[in-house]
There are 2 protein chains.
Amino acid sequence: MVTDPNKATRKPRADSLRNRERLLAAAAEIFRAGGPEASLEAVARRAGVGIGTLYRHFPTREALFEAIYRREVEQLAGLAEALAKSEPPFRALRLWLHAGVRLTATKRGMLTALTLAIDKSSEIYAFSSAQLTLALGVLLRRASAAGEVRGDVEPEDVLQALVGLSLMGRQEDWETNVIRLVDIFVDGLRAAAPLPADAVAG
Amino acid sequence: MVTDPNKATRKPRADSLRNRERLLAAAAEIFRAGGPEASLEAVARRAGVGIGTLYRHFPTREALFEAIYRREVEQLAGLAEALAKSEPPFRALRLWLHAGVRLTATKRGMLTALTLAIDKSSEIYAFSSAQLTLALGVLLRRASAAGEVRGDVEPEDVLQALVGLSLMGRQEDWETNVIRLVDIFVDGLRAAAPLPADAVAG
DNA sequence: AATTATACGGAGGGTCCCTCCGTTTTCAAG
DNA sequence: CTTGAAAACGGAGGGACCCTCCGTATAATT
């Protein structure tokens, strides 16, 4: 009667699913406002569930981050494909990076959270790295094949640059500024080939 | 007799100075090991003083960070002058940035701490910004005057890029990697005039 | 030695973390 | 529809921290 591995799994309980959803919504809200160190008990309160329920669904703070962040990452990854089909190579690359900046602009608090999370459990890192690396890889190889970008740079590198640059801004015109920096970086990618000292390609 | 330069203010108490020093040493140790969220009570314990003493000397966690970090910053700022005298412009700029990377490599935990601190109190940000901006400004203007670097970039921007890029790495060959990224960025700076707006146009 | 400005230590009230377990709800078999 | 048990729920409770407050101790000055 004991182990029947393949069969007879009960349908997941409705309240469980509902609560999980509520928790995610509440958490997104709370973290967005209060930063990555906001109280989990506050999250539970806002979700209208007991603290025990929160911990059953998300055993660690990081698990909660992960669940929320995963969606964002998937969405950004999806954008890469779209751009690869609708835009010329270099432009696609640049636009994707801009989108990355913008995403982090909106989700700033969340991103800070991530820095912390990544420090500790590297599963999220593995996942998002994989997703985004793949997505960016497409754009990068495409641009490289078109001879618009140097060929010795891996998606991981560009990704690191993107996140790093995005993580900094504190001032008013934050987003604009970061985009400038990203563009400078992209220019650096472009310059790769032995560039004649004088020329400015018209 | 001895000196009374400005006012009849009492000499600071010896135990106060001693405790302040002990606290700084203990804090550096504890934070280095336990990250920016380590317990302040643990710091006090290790310093062998009461928790009240800690709070009197450093009213906030950030104040503690600031005190520790200030030294590092001053040191790095000093390096800029030295390089400006001993190296050719572009090379000086590049070397300084490399040194920046390396400093953060050693003090990684501390730097993470800083990201948090900066989020909250911006005094440290103001101070270190000022120091480093000044230092970097020298190098940048020099390189720009020599025509080796585009002229429309402010030290603040490059600084942000440096810190951002440095903040990311997680892997083995972290330092090498970041230095590569910094170099790519610097290449981007070098490209005299930005290319015509073939893309972008948000 | 006496005075007094300063600094010290740590108890105390509050929040948060996370576990544990008695109670409630949901599913599905009869 | 009943009913029993699997699955989920809520929240009390012990421990760690945070930070304030204030009576006590001590260094500088007279």
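Order of the sequence lines fixes the chain letters, A, B, ..., with proteins taken first and strands second; residue numbering starts at 1 for each chain.
- Scanning for salt bridge (charged side-chain N to carboxylate O under 4.0 Å, His left out) contacts around B:R180 gives A:D157, with sequence neighbours left out.
- B:L95 pairs by the side chain to side chain contact (heavy atoms under 4.5 Å, CB included) definition with B:L83, B:E87, B:R91, not counting sequence neighbours.
- Applying the side chain to side chain contact (heavy atoms under 4.5 Å, CB included) rule to B:P155 yields the partners B:T133, B:L136, B:L140; only residues at least two apart in sequence or on another chain are considered.
- Extent of DNA chain D lying under 4.0 Å from chain A heavy atoms, first and last nucleotide in 5' to 3' order, is D:dG4 to D:dA12.
- The nearest pair of heavy atoms linking A:L165 to B:A161 is CD2-CA, 3.4 Å.
- Contacts of B:V138 classified as side chain to side chain contact (heavy atoms under 4.5 Å, CB included), with partners at least two apart in sequence or in another chain: B:A84.
- In terms of modelled atom types and a separation under 3.5 Å, the side chain of B:T53 and the main chain of B:V49 share no donor-acceptor contact.
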At a cut-off of 3.5 Å, list every protein nitrogen or oxygen paired with a nitrogen or oxygen from nucleotides 13-17 of chain C, distance to 0.1 Å.
unit_1: C:dC17; atom_1: OP1; unit_2: A:L40; atom_2: N; d: 3.4
unit_1: C:dC17; atom_1: OP1; unit_2: A:R61; atom_2: NH2; d: 2.5
unit_1: C:dC17; atom_1: OP2; unit_2: A:S39; atom_2: OG; d: 3.4
unit_1: C:dC17; atom_1: OP2; unit_2: A:L40; atom_2: N; d: 3.1
unit_1: C:dC17; atom_1: OP2; unit_2: A:E41; atom_2: N; d: 3.4

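- A search for side chain to side chain donor-acceptor pair (under 3.5 Å) contacts involving A:R56 returns nothing, not counting sequence neighbours.
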Does A:F58 form a ring pair (Phe, Tyr, Trp, His ring centres under 6.0 Å) with A:F65? I'd like the steps, not just the answer.
CA-CA 9 Å; A:F58 307 101; A:F65 289 151; over 10 Å; no

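- Annotation: of the two residues near DNA chain D, B:R18 and B:R56, the 5′-most nearest-nucleotide partner is B:R56.
- Pairs passing the salt bridge (charged side-chain N to carboxylate O under 4.0 Å, His left out) check and including a residue from residues 43-52 of chain B, sequence neighbours excluded, read B:E29-B:R46.
- At whole-Å resolution of the value, CG in A:D15 and C1' in C:dT23 are 14 Å apart.
- Nearest-nucleotide positions on DNA chain D place A:G52 closer to the 5' end than the other of B:R13 and A:G52.
- Take B:R94 and apply the side chain to side chain contact (heavy atoms under 4.5 Å, CB included) test, not counting sequence neighbours, and it matches B:F90, B:H98, B:D183, B:D187, B:R190.
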Is there any protein nitrogen or oxygen under 3.5 Å from a nitrogen or oxygen in nucleotides 28-30 of chain C, and what are the pairs?
unit_1: C:dA28; atom_1: OP1; unit_2: A:K11; atom_2: N; d: 3.2

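- B:P59 comes within 4.0 angstrom of nothing in the nucleic acid, heavy atoms only.
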